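A short write-up of the structure that comes next.
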Amino acid sequence: MFRWSQVGDVWRVQDGPHWFDISATDTCFRVRSNVDESAFRSLFRMDVDHAAMYGGIIKRGPELQEHLGSLNGLRMMRPFSATETLMSFLCTSNNHIARIKTMVGTLAGYGVPTEVGYAFPEAEVIASVSETELRAKGFGYRGASIPKAAAMIADWGGEASLQSLKQQEFGAVRERLLGLPGVGPKLADCILLFALDFGESVPIDTHIWQALTRLYFPEWSNTDLTHKKYEASAEFFRARFGEWAGVAHQFLFVDNMLNWRERKKESALGTSVDSD
DNA sequence: TACGGACCTTTC
DNA sequence: AAAGGTCCGT
């Protein structure tokens, strides 16, 4: 989710038409929102038995025990808006967080105002924006794929059609998503996991690739992630953690992200042949 | 079928 | 130089 912001001691997150202002006291969280408590509970997966899930993950993969311990309380989000999630991930390819947040904020700006910001627009609205306009606003080459993908989604039936994909088979939905311009294997898996709640999905980005090679495929350390290696390692991880693979992946991601600089140095030391 | 580059722009 | 990759050509 790329529309988090901090306003004083209040954390704000916007999700499609929803917004939440969250502040913490010693004993609880106080939440102000334009929707009811059930939406907040769904967003943070409060319906999930996390103790059982942690136990299950550690049983299948003891190597993740330290990750789960040091990041205890980490929650994967369950966004309400599949449209916003999909459009957001279209902004992420070959890109960095700061710029992605700006771009998602720009897309949200095409929606209707709320008390605190904007409701993320329907795909149909984004489809009506020109490539030229998005390029002028700093989207680069993604300015071409975003409206095209939005037009296809609008043609499918918009948000409701995306929600209906949740009832279909993993592989079939993945193929469908891969048909969208700008969506390759990694984005398809992100959309499956975060927008459509397919827990078995394993998105492999640069961070996860580092973690996977370190833990499971040392012979592939410091090699490029090719399509073949992508599918092989994702399938391995899915077989290991099943419906919890996505959550397990999230712990690896955050751990690697937090130790990003450090890891990069270590990696550079190991392959310093071409560095000056 | 499997790599190698180009691709927009910003940040470190 | 690299960033929460994808696409096209060889």
Side-chain angles (χ1 to χ4, degrees), chain A residues 1-4 67 71 74 76-77 79 84-107 129-150 152 174-195 201-214 220 222-234 237 245-276:
Chain A
M1 306 186 76
F2 297 96
R3 290 202 292 156
W4 279 96
H67 297 80
L71 297 173
L74 172 67
M76 190 168 77
M77 312 301 294
E84 170 162 3
T85 306
L86 198 161
M87 290 296 143
S88 296
F89 276 112
L90 276 174
C91 298
T92 67
S93 66
N94 189 23
N95 209 351
H96 53 88
I97 305 285
R99 186 179 172 212
I100 295 166
K101 290 175 78 169
T102 305
M103 291 164 70
V104 173
T106 299
L107 291 179
V129 182
S130 71
E131 171 180 352
T132 311
E133 181 170 332
L134 289 182
R135 279 184 176 267
K137 293 189 176 184
F139 280 66
Y141 57 85
R142 302 171 200 78
S145 53
I146 287 173
K148 278 184 194 166
M152 290 176 69
R174 192 166 193 261
E175 288 308 310
R176 189 94 186 264
L177 294 173
L178 287 172
L180 294 170
V183 176
K186 192 271 180 181
L187 294 200
D189 287 332
C190 282
I191 295 159
L192 282 158
L193 180 60
F194 297 111
S201 183
V202 184
I204 302 180
D205 62 8
T206 171
H207 296 285
I208 294 296
W209 181 235
Q210 283 184 26
L212 288 181
T213 56
R214 195 168 59 242
W220 284 341
N222 302 311
T223 68
D224 290 337
L225 175 58
T226 63
H227 179 67
K228 198 175 178 180
K229 284 188 267 188
Y230 185 109
E231 299 300 335
S233 51
F237 202 74
V247 173
H249 133 282
Q250 189 76 355
F251 279 87
L252 286 183
F253 177 83
V254 173
D255 173 70
N256 203 81
M257 195 74 158
L258 290 175
N259 301 304
W260 181 43
R261 301 281 169 209
E262 231 173 295
R263 293 264 162 69
K264 206 155 78 169
K265 276 182 198 166
E266 286 173 20
S267 159
L269 285 175
T271 58
S272 57
V273 196
D274 59 353
S275 66
D276 47 59

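These figures come from a predicted structure and were not determined experimentally. Values reported hereafter were calculated over all heavy atoms of this structure, with side chains retained and with hydrogens, waters and symmetry mates removed.
Rounded to an integer number of Å, the gap from A:His207 NE2 to C:dA2 C1' is 10 Å. A straight line from NE2 of A:His227 to C1' of B:dT1 spans 10 Å, rounded to a whole angstrom. Counting to the nearest Å, the C1' atom of B:dA2 and the CD atom of A:Glu231 are 14 Å from each other. Distance A:Asn94 CG to C:dG4 P: 10 Å, rounded to the nearest Å. For the pair A:Ile191 CD1 and C:dT6 C1', the interatomic distance rounds to 12 Å; values are reported in whole Å. Atom CZ in A:Arg99 sits about 12 Å away from atom P in C:dG4, given to the nearest Å. The interatomic distance linking A:Asn95 (CG) with B:dA6 (C1') rounds to 16 Å, in whole Å. In this structure, A:Ile146 atom CD1 and C:dG5 atom P are separated by 15 Å, rounded to whole Å.
Summary of the strand contacts: A:Thr92 and A:Leu180 both lie near DNA chain C, and taking for each the nucleotide with the nearest heavy atom, the more 5' one is attributed to A:Thr92. Nearest-nucleotide mapping onto DNA chain C: of A:Cys190 and A:Leu178, the residue sitting toward the 5' end is A:Cys190.
Side-chain atoms of A:Pro185 lie closest to C:dT6 of the nucleotides C:dG4, B:dC7, C:dT6.
Atom P of B:dG5 sits at a distance of 14 Å from the matching atom of C:dA2, rounded to the whole Å. Taking the P atom of each, C:dG4 and B:dG4 are spaced 23 Å apart, rounded to whole Å. When the P atom is compared between C:dG9 and B:dC8, the two are found 15 Å apart, to the nearest whole Å.
OP1 or OP2 of B:dA2 sits under 4.0 Å from a side-chain N or O of A:Lys228. A sub-4.0 Å separation between OP1 or OP2 of B:dC8 and a side-chain N or O of A:Arg135 is present.
A donor-acceptor contact under 3.5 Å is not formed by the side chain of A:Tyr230 with the base of C:dG5. For B:dT10, its base sits under 3.5 Å from the side chain of A:His96 at one donor and acceptor pair at least.
Put simply, the side chain of A:Leu178 reaches to within 4.5 Å of the side chain of A:Glu175, judged on heavy atoms. Between A:Lys186 and A:Ile204 there is no side-chain heavy-atom pair separated by less than 4.5 Å.
Nearest approach of A:Asp189 to A:Ser201, heavy atoms of both residues: O-OG, 2.7 Å.
Here A:Phe253 lies in heavy-atom contact (under 4.0 Å) with a base. Heavy atoms of A:Pro203 sit nowhere under 4.0 angstrom from any nucleic acid atom. At a threshold of 4.0 angstrom between heavy atoms, the contacts of A:Leu187 are confined to the sugar-phosphate backbone, with no base atom among them.
Of the listed residues (A:Asn256, A:Val254, A:Leu252), just one forms a side-chain contact (heavy atoms from CB on, under 4.5 Å) with A:His207, and that residue is A:Asn256.
Under the Watson-Crick or G-U wobble criterion, with both distances below 3.5 Å, B:dT9 is paired with C:dA3.
A:Thr223 and A:Lys229 share a donor-acceptor pair across their side chains, judged by distance under 3.5 Å alone.
Aromatic ring pairs are classed by plane angle as parallel below 30°, tilted from 30° to 60° and perpendicular above 60°; the pair A:Phe89 and A:Phe2 is perpendicular.
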